[in-house]
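Below, read A as the first sequence line, B as the second, and so on, with proteins coming before strands; counting in each chain starts at 1. Computed over heavy atoms, backbone and side chain alike; hydrogens, waters and symmetry mates excluded.
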2 protein chains.
Amino acid sequence: MPELPEIANLAGQMAAELAGKRLTGPEVVQEKCLNVAGAEFRALVEDKTIAAVRARGKWIFVSLHPATTLLLNLGMGGELLYHPAGAALPEKFQARFAFSDGTALTAAFSWFGYVHTVRAADLATHKMTASLGLSPLDVQDYTYANFLDRMRGRKGAIKPWLLDQKNIAGIGNVYVQDILFRTRLHPDRKIPELDETERQTLFRVIRENLVQATELGGLVYEKDLYGQPGRFKDFLVGYREGKPCPVCGTAVEKIRTGSTASYICPMCQQ
Amino acid sequence: MPELPEIANLAGQMAAELAGKRLTGPEVVQEKCLNVAGAEFRALVEDKTIAAVRARGKWIFVSLHPATTLLLNLGMGGELLYHPAGAALPEKFQARFAFSDGTALTAAFSWFGYVHTVRAADLATHKMTASLGLSPLDVQDYTYANFLDRMRGRKGAIKPWLLDQKNIAGIGNVYVQDILFRTRLHPDRKIPELDETERQTLFRVIRENLVQATELGGLVYEKDLYGQPGRFKDFLVGYREGKPCPVCGTAVEKIRTGSTASYICPMCQQ
DNA sequence: AGTTGCAACAGGGA
DNA sequence: CTCCCTGTTGCAAC
């Protein structure tokens, strides 16, 4: 379940490692992860060159030259691995991209992942990515004014709003836990009830939390492009059921909020 | 709050009284009840002849010659009145239709009503009427097979389903009360839980209830085309809070079901 | 009491 | 909660 920090690091590593390489052998093991037929996928990708790689939310945008974009979403528990020339490929993968220099990239996901391909002209109509919200790591895009705009008029609870990729792109059920804790917000708090200070804190904490995790290379139990784990492991309350709250010592509770699990300090988060 | 019985009677009276008359002076006091601009409304209606009038759900369809349909919805607490030649018009009305013989028709609604006009070719695209469901007074249309079809796959409660005009057209929050009581159904009963006997009873009771009310000229507190009240007043449980259930004597309760009020016998309706 | 559209929410499926 | 789609429900608007 990579979220924005892991995806952003993968995209950065891909940009550095793959830029300029020419795709020779795209192979798709699992056709259902594609948005087009296998033959069309190969035709769209083969012999194209990697021009740029960037992250938006949980999606990796791979710009190919000429005029094509590869859109990758690792779903839950997915991995993206780089393989030097001559290295053995993993036993299981859903898609493999071979490059003209003998290196390769494999994508594997235990649940649902996407390997989508669109012509450059059609990128704006690709539903899953066209509707993505603010990018917290992009200071041009992630401004307080934009943040308040997306929140305006919303009546529901704050946690589902944070998880909705149309609002802010890249937060999943892992990072959202400490974001709520650090803002002292209960997951069920209704958006209209948030005061100005809470909104400002939330805005700031989202960026701080994701930037910090990104700088640490992402979660310790996720792998980067070279199979190396991240170094972020010190959750404050996330996944620490029964352990003491780092602020007040109260035991962290695991509760159900809507259809997701939440880890909260029942004292600090109201 | 006219529902199908009142609307059906109005349509019948209009058909008998107005067929063949030529519209000369359409006047709209309140433009917001129109679906087109006032000038276009007049152009579409003026000098046309009343060809036919029929009811569908809570809507009155007035076919004009040539090639136009007037669609009237009285909303909540609306009235439609016929005025003989020389008679004084009411003080307040939202729309007035004058005929070449000196007679007139006025429409007044205390809340939201619609006076829509469509070209014959566009009738099928008029959203509010195109999506109307079964017509309980039309035995060709209101068949048990069609009834079950509309119910198939629905998971929600029976009362909202009955009130949704897309399923059955013409039931409002007044007539629905006794329909549910006579079928012995609690308003919150889930559709998948209804057994075959209950479905058959409901199908039959809907028609019986609406036919009976129509034959009685509609509700005693609603007026017909000539300002005369209907003769239907003997609700079984509807609007009889605290009065005894006609079957078991238990006091009728007024409860909230979703966003509407329901009058039920807590003993008979499960 | 009427109708629509939207937002929130739940469930199923890929 | 990875994402979509559909249906249901509640709410505000006219």
Side-chain angles (χ1 to χ4, degrees), chain A residues 1-3 7 30-35 57-59 71-78 109-114 116 127-129 131-132 152-167 169-177 187-188 190-192 256-262, chain B residues 1-4 6-7 30-35 57-59 72-78 109-114 116 127-129 131-132 153-157 159-161 163-166 169-177 188 190-192 219 221-222 238-239 256-261:
Chain A
M1 35 189 145
E3 300 178 19
I7 298 300
Q30 199 175 35
E31 279 226 15
K32 69 164 190 172
C33 66
L34 299 178
N35 64 329
K58 301 173 190 170
W59 288 82
L71 299 163
L72 307 176
N73 184 307
L74 298 182
M76 298 167 86
F109 15 84
S110 56
W111 258 346
F112 306 104
Y114 301 110
H116 285 188
K127 238 185 204 165
M128 296 187 190
T129 53
S131 58
L132 290 173
R152 195 173 338 273
R154 300 313 204 77
K155 306 237 174 107
I158 187 61
K159 190 185 176 192
W161 185 86
L162 287 169
L163 291 176
D164 187 339
Q165 305 298 304
K166 293 180 183 62
N167 299 316
I171 304 175
N173 202 40
V174 174
Y175 287 107
V176 75
Q177 310 291 346
D188 291 337
K190 293 291 183 289
I191 290 173
R256 288 211 51 93
T257 47
S259 56
T260 67
S262 293
Chain B
M1 38 191 147
E3 300 178 20
L4 182 50
E6 293 77 34
I7 297 299
Q30 200 175 36
E31 280 226 10
K32 68 161 191 175
C33 66
L34 299 177
N35 63 329
K58 301 170 189 171
W59 288 82
L72 306 175
N73 184 306
L74 298 182
M76 300 165 87
F109 14 84
S110 56
W111 255 340
F112 306 104
Y114 302 110
H116 286 187
K127 239 185 205 168
M128 297 189 189
T129 54
S131 58
L132 290 173
R154 298 315 205 74
K155 305 234 175 108
K159 190 185 175 192
W161 184 86
L163 292 177
D164 187 341
Q165 305 299 302
K166 293 179 183 59
I171 304 175
N173 201 43
V174 174
Y175 287 107
V176 76
Q177 310 291 346
D188 291 336
K190 294 291 181 289
I191 291 173
L219 292 162
Y221 57 79
E222 297 283 352
Y239 303 89
R256 289 215 46 97
T257 47
S259 57
T260 67

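- Backbone-only contact: A:M128 has heavy atoms under 4.0 Å from sugar-phosphate atoms and none from a base.
- A donor-acceptor pair is defined here as one N or O able to donate and one able to accept, closer than 3.5 Å; no such pair exists between the side chain of A:S262 and the backbone of A:Q177.
- Aromatic ring pairs are classed by plane angle as parallel below 30°, tilted from 30° to 60° and perpendicular above 60°; the pair A:W59 and A:Y114 is parallel.
- Contacts of B:G77 with the nucleic acid, taken as non-hydrogen atoms under 4.0 Å apart, are absent.
- Distances from the side chain of B:A261 to the nucleotides C:dT4, C:dA1, D:dC14 place C:dA1 closest.
- At distances below 3.5 Å, not a single donor-acceptor pair connects side-chain atoms of A:Q165 with backbone N or O atoms of A:G57.
- Distances shorter than 4.0 Å separate none of the side-chain N or O atoms of A:K190 from OP1 or OP2 on C:dA8.
- The side chain of B:M76 lies closest to C:dA1, out of C:dA1, D:dT9, D:dC1.
- The residue among A:P2 and B:A157 whose nearest nucleotide of DNA chain D lies closer to the 5′ end is A:P2.
- The nearest whole Å value for the distance from the CG atom in A:L34 to the P atom in C:dA14 is 17 Å.
- In this structure, B:N73 reaches the sugar-phosphate backbone alone: every heavy-atom distance under 4.0 Å involves primed, P, OP1 or OP2 atoms, never a base.
- In this structure, A:R256 atom CZ and C:dC9 atom P are separated by 14 Å, rounded to whole Å.
- Between the CG atom of B:L163 and the P atom of D:dT8 there is a distance of 14 Å, rounded to whole Å.
- Positionally, the nearest nucleotide of DNA chain C for B:F112 lies more toward the 5' end than for the other of B:F112 and A:W161.
- Distances shorter than 4.0 Å separate none of the side-chain N or O atoms of A:Q165 from OP1 or OP2 on D:dC1.
- Here, C:dA1 and D:dT8 have their C1' atoms 22 Å apart, quoted to the whole Å.
- The residue B:F109 sits apart from the nucleic acid: no heavy atom pair falls under 4.0 Å.
- When rounded to the nearest whole Å, the span between NZ of B:K159 and C1' of D:dG10 equals 15 Å.
- When each of B:D188, B:D164, B:N173 is tested with B:K159 by the rule side-chain hydrogen bond (donor to acceptor under 3.5 Å, both in side chains), just one qualifies, namely B:N173.
- Around atom NZ of B:K155, no more than 12 heavy atoms belonging to other residues, nucleotides or ligands sit under 6.0 Å away.
- OP1 or OP2 of D:dC3 has at least one side-chain nitrogen or oxygen of A:K58 nearer than 4.0 Å.
- With rounding to whole Å, B:L4 atom CG is found 17 Å from C:dT3 atom C1'.
- Separating the CG atom of A:L74 from the C1' atom of D:dT2 is a distance of 11 Å, rounded to the nearest angstrom.
- Rounding to the nearest 0.5 Å places CG of B:L74 at 4.5 Å from CD1 of B:I7.
- Here the P atom of nucleotide C:dA1 and the CD atom of B:E3 are 10 Å apart, to the nearest Å.
- Listed pair A:K155 / C:dC6 fails the phosphate criterion, with no side-chain N or O lying under 4.0 Å from OP1 or OP2.
- Here the C1' atom of nucleotide C:dT3 and the NZ atom of B:K127 are 12 Å apart, to the nearest Å.
- For B:R154, no side-chain nitrogen or oxygen approaches OP1 or OP2 of D:dG7 to under 4.0 Å.
- Considering only side-chain N and O atoms, B:N173 lies nowhere under 4.0 angstrom from the phosphate OP1 or OP2 of C:dG2.
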